[in-house]
Undergrad: 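Input: one structure, supplied below.
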Amino acid sequence: MDERRPGVAFGLAAYGLWGLFPLYFPLLEPAGGLEIVAHRVLWSLVFVALVLTVARRWRLVRAAVTELRTVLILVGAALLISGNWLIFVYGVNSGQVVETSLGYFINPLVSVLLAVVVLRERLRRLQWVAVGIAAVAVAVLTVDYGRPPWIALSLAVTFALYGLLKKLVRVESAPGLFLETALVALPAVVVLALLHTRGLAATGDEGTGHLLLMMGSGVATAVPLLLFAAAARRVPLSTVGLLQYLTPLMQLAIGVFVYGEPMPPARLAGFAIVWVALAVFTVDSLRNARAVRRRALAEVVPEPV
């Protein structure tokens, strides 16, 4: 219990910070999405390097780079998370925060589908029901938007694939994030150089405050990930699964109540169907977690004879 309380606090802090991102990234305008993501990569790299130095964890980085398989997987993870960041920044800064929130609502269900397709796992009945309900929701939202909700689907797929790759390697959060950002640091430098050469970069022309906000994007990226890692080590996966809905709920509220994005009846119905799917998915996950705990307890504590 002593471990769970700080674990829940770390989890709430991580998901709460992620939920506030739609308020942060518009402050970086007039910088475009590519410029913002390039700065986010470079300043994340600097910040995590400081963390690794203070914590004396560089040996974990050296251990990871000695395995070719680990490096190749992290290259894929780096490309996916960079793409996810770019799509998210585009969605937020183009006034589509509600749709970005949808992406993180449906992300757990996309992860389940990937487990079937890639890992050949078998879904339980209620998991299939949840996926089917989510498919209906996407169809309803496609009719409402007049197009597939591609921002939401892209965010969900890229983050689910990122999570899948991260499961294939045993690298802690800070060393993993350092390697991922280091692998895309050179392209980020090239992007910034081209933008500055062509006079398309905003950083440097918008004053010291804007530069500090750009630098802060690296801290804003790394801190929630480190908090999440601390939470995941202290609380059950089922608890983490419940906490994760805080982020899209906050983003949805910001989109509707802060930025005044429309929520017509058809769109609200689509979101409601998504929430039904998530409720079914969550109930099934909690039931399965309890069943696993009971089986584990039965194996540890023998029945009386």
Undergrad: Got more than 12 heavy atoms from elsewhere within 6.0 Å of CH2, W43?
TA: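 Counting neighbours around CH2 of W43, 12 or fewer heavy atoms of other residues, nucleotides or ligands fall under 6.0 Å, so no.
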Undergrad: So, does T66 use its side chain to make a donor-acceptor pair with the main chain of A63 at under 3.5 Å?
TA: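 The answer is yes, because a donor-acceptor pair under 3.5 Å joins these two groups.
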Undergrad: At what distance, to the nearest 0.5 angstrom, does CD1 of I36 lie from CG of L27?
TA: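 It comes to 10.0 Å.
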Undergrad: So do the side chains of V98 and L102 get within less than 4.5 Å of each other, counting heavy atoms only?
TA: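 SC-SC contact between V98 and L102 ruled out.
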Undergrad: Give the cluster check for L161 versus L153: same hydrophobic cluster or not, with ILVMFWY residues linked at side-chain heavy-atom distances below 4.5 Å.
TA: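 Cluster IDs for L161 and L153 differ.
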Undergrad: I133 versus W275: any side-chain heavy-atom pair under 4.5 Å?
TA: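 Of all side-chain heavy-atom pairs linking W275 with I133, none is under 4.5 Å.
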Undergrad: Please walk me through it: do Y145 and R267 pass side chain to side chain contact (heavy atoms under 4.5 Å, CB included)?
TA: CA-CA 8 Å; Y145 282 110; R267 191 168 306 169; 3.6 Å; yes
Undergrad: Shortest non-hydrogen contact from Q244 to P108?
TA: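 What the structure gives for the nearest pair is NE2-CG, 3.3 Å.
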Undergrad: Is the side chain of E99 donor-acceptor paired with the backbone N or O of W150 at a distance under 3.5 Å, no angle test?
TA: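 Checked: pair present.
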Undergrad: A229 and S173: which non-hydrogen atoms are nearest, and at how many Å?
TA: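 Scanning both residues, the minimum pair turns out to be CB-CB, 3.5 Å.
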Undergrad: State whether the number of non-hydrogen atoms from other residues, nucleotides or ligands found under 6.0 Å of W128 atom CH2 is greater than 12.
TA: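 No - once you tally the heavy atoms of other residues, nucleotides and ligands closer than 6.0 Å, there are 12 at most.
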Undergrad: Shortest non-hydrogen contact from P22 to Y259?
TA: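 That would be O-OH, 2.7 Å.
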Undergrad: Identify the heavy atoms of L179 and V61 that sit nearest to each other, and give their distance.
TA: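 Smallest heavy-atom distance, with atoms named: CD2-CG1, 3.8 Å.
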Undergrad: Could you walk me through whether L183 and E180 pass the side chain to side chain contact (heavy atoms under 4.5 Å, CB included) check?
TA: CA-CA 5 Å; L183 289 166; E180 289 162 23; 5.7 Å; no
Undergrad: Start with the C-alpha gap between L34 and Y90, add the side-chain angles, then the distance that decides, and say whether side chain to side chain contact (heavy atoms under 4.5 Å, CB included) holds.
TA: CA-CA 9 Å; L34 277 175; Y90 168 78; over 6 Å; no
Undergrad: Distance from T203 atom OG1 to L195 atom CG, nearest 0.5 Å?
TA: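 The distance works out to 9.0 Å.
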Undergrad: A side-chain contact here means heavy atoms from C-beta on lying under 4.5 Å apart; do F105 and L249 qualify?
TA: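 Answer yes - side chains close enough.
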Undergrad: For V136 versus I273, what's the shortest heavy-atom pair and its separation?
TA: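 Answer, listing the atom of V136 first, then I273: CG1-CD1, 4.3 Å.
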Undergrad: Please say which of L60, V54, T53 ends up in a side chain to side chain contact (heavy atoms under 4.5 Å, CB included) with R57.
TA: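 In the set L60, V54, T53, the residue that makes a side chain to side chain contact (heavy atoms under 4.5 Å, CB included) with R57 is L60.
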Undergrad: Do L109 and L278 pass the side chain to side chain contact (heavy atoms under 4.5 Å, CB included) test, and can you show the C-alpha distance, the side-chain angles, and the key distance before you say yes or no?
TA: CA-CA 8 Å; L109 301 173; L278 290 174; 4.3 Å; yes
Undergrad: What's the spacing between T282 OG1 and R287 CZ if we round to 0.5 Å?
TA: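 Reported to 0.5 Å precision, the distance equals 13.0 Å.
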Undergrad: Taking Y24 for its side chain and S217 for its backbone only, find out whether a donor-acceptor pair lies under 3.5 Å.
TA: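 Such a contact is found between Y24 side chain and S217 backbone.
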Undergrad: Name all residues meeting the ring-ring contact (aromatic ring centres under 6.0 Å, His included) criterion together with W58; count only those two or more places apart in sequence or in a different chain, and write none if there are none.
TA: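 Scan of W58 (ring-ring contact (aromatic ring centres under 6.0 Å, His included), adjacent residues dropped) gives F178.
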Undergrad: Can you say whether the rings of F25 and F21 are parallel (under 30°), tilted (30 to 60°) or perpendicular (over 60°)?
TA: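 Answer is perpendicular, since the angle exceeds 60°.
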Undergrad: Has the side chain of Q127 got a donor or acceptor atom that lies under 3.5 Å from a matching backbone atom of V112?
TA: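 No, the answer is negative, given that no donor and acceptor are paired below the 3.5 Å cut-off.
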Undergrad: Identify the two heavy atoms, one from V110 and one from A160, that lie closest to each other, and give their separation to 0.1 Å.
TA: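 Looking at all heavy atoms of both residues, the closest pair is CG1-CB, 3.7 Å.
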Undergrad: For residues L286 and V280: do they belong to one hydrophobic cluster (side chain heavy atoms under 4.5 Å, members Ile, Leu, Val, Met, Phe, Trp, Tyr)?
TA: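 Hydrophobic grouping puts L286 apart from V280.
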Undergrad: I'd like to check I87 versus T100 (side-chain heavy atoms, cut-off strictly below 4.5 Å). Are they in contact?
TA: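 Side-chain contact under 4.5 Å: no.
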Undergrad: F47: what forms a ring-ring contact (aromatic ring centres under 6.0 Å, His included) with it, not counting sequence neighbours?
TA: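 F47: no ring-ring contact (aromatic ring centres under 6.0 Å, His included) contacts found.
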Undergrad: Tell me every residue that passes side-chain hydrogen bond (donor to acceptor under 3.5 Å, both in side chains) with S94, counting only those two or more places apart in sequence or in another chain.
TA: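 Applying side-chain hydrogen bond (donor to acceptor under 3.5 Å, both in side chains) to S94 gives Q96.
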Undergrad: So, does E261 use its side chain to make a donor-acceptor pair with the main chain of V97 at under 3.5 Å?
TA: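 Looks like yes, one N/O pair under 3.5 Å.
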Undergrad: Atom CE of M215 and atom CG of L42: how far apart are they, to the nearest 0.5 Å?
TA: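 M215 CE to L42 CG: 11.5 Å, rounded to 0.5 Å.
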Undergrad: First locate atom CZ of R147, then atom CG of L141, and finally report the distance between them rounded to the nearest 0.5 Å.
TA: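 Spacing of CZ (R147) from CG (L141) equals 10.0 Å.
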Undergrad: Would you give the length of the straight line joining atom CG of L243 to atom CZ of F228, rounded to the nearest 0.5 angstrom?
TA: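 The CG atom of L243 sits 9.5 Å away from the CZ atom of F228.
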Undergrad: A side-chain contact here means heavy atoms from C-beta on lying under 4.5 Å apart; do P148 and V138 qualify?
TA: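 Side-chain contact under 4.5 Å: no.
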Undergrad: Are L192 and L86 connected into the same hydrophobic cluster when the rule is that any two of I, L, V, M, F, W, Y join if their side-chain heavy atoms are below 4.5 Å apart?
TA: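 In one cluster with L86: L192, no.
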Undergrad: Could you state whether L211 and V41 fall into the same hydrophobic cluster, counting links through intermediate Ile, Leu, Val, Met, Phe, Trp or Tyr residues with side-chain heavy atoms under 4.5 angstrom apart?
TA: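 Unlinked, L211 and V41 end up in two clusters.
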Undergrad: Is a side-chain N or O of R234 found less than 3.5 angstrom from the main chain of P6, in a donor-acceptor match?
TA: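 Not a single qualifying donor-acceptor pair exists.
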Undergrad: Are V258 and L28 linked, directly or through other ILVMFWY residues, by side chains that come within less than 4.5 angstrom of each other?
TA: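 Yes, V258 and L28 fall within the same hydrophobic cluster.
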Undergrad: Are W85 and F88 an aromatic pair by the rule of ring centers under 6.0 Å?
TA: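 No; F88 has its ring centre 6.0 Å or more from that of W85.
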Undergrad: Can you find a pair of side-chain heavy atoms, one from I73 and one from R69, that are under 4.5 Å apart?
TA: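 In short, these two side chains touch, coming nearer than 4.5 Å.
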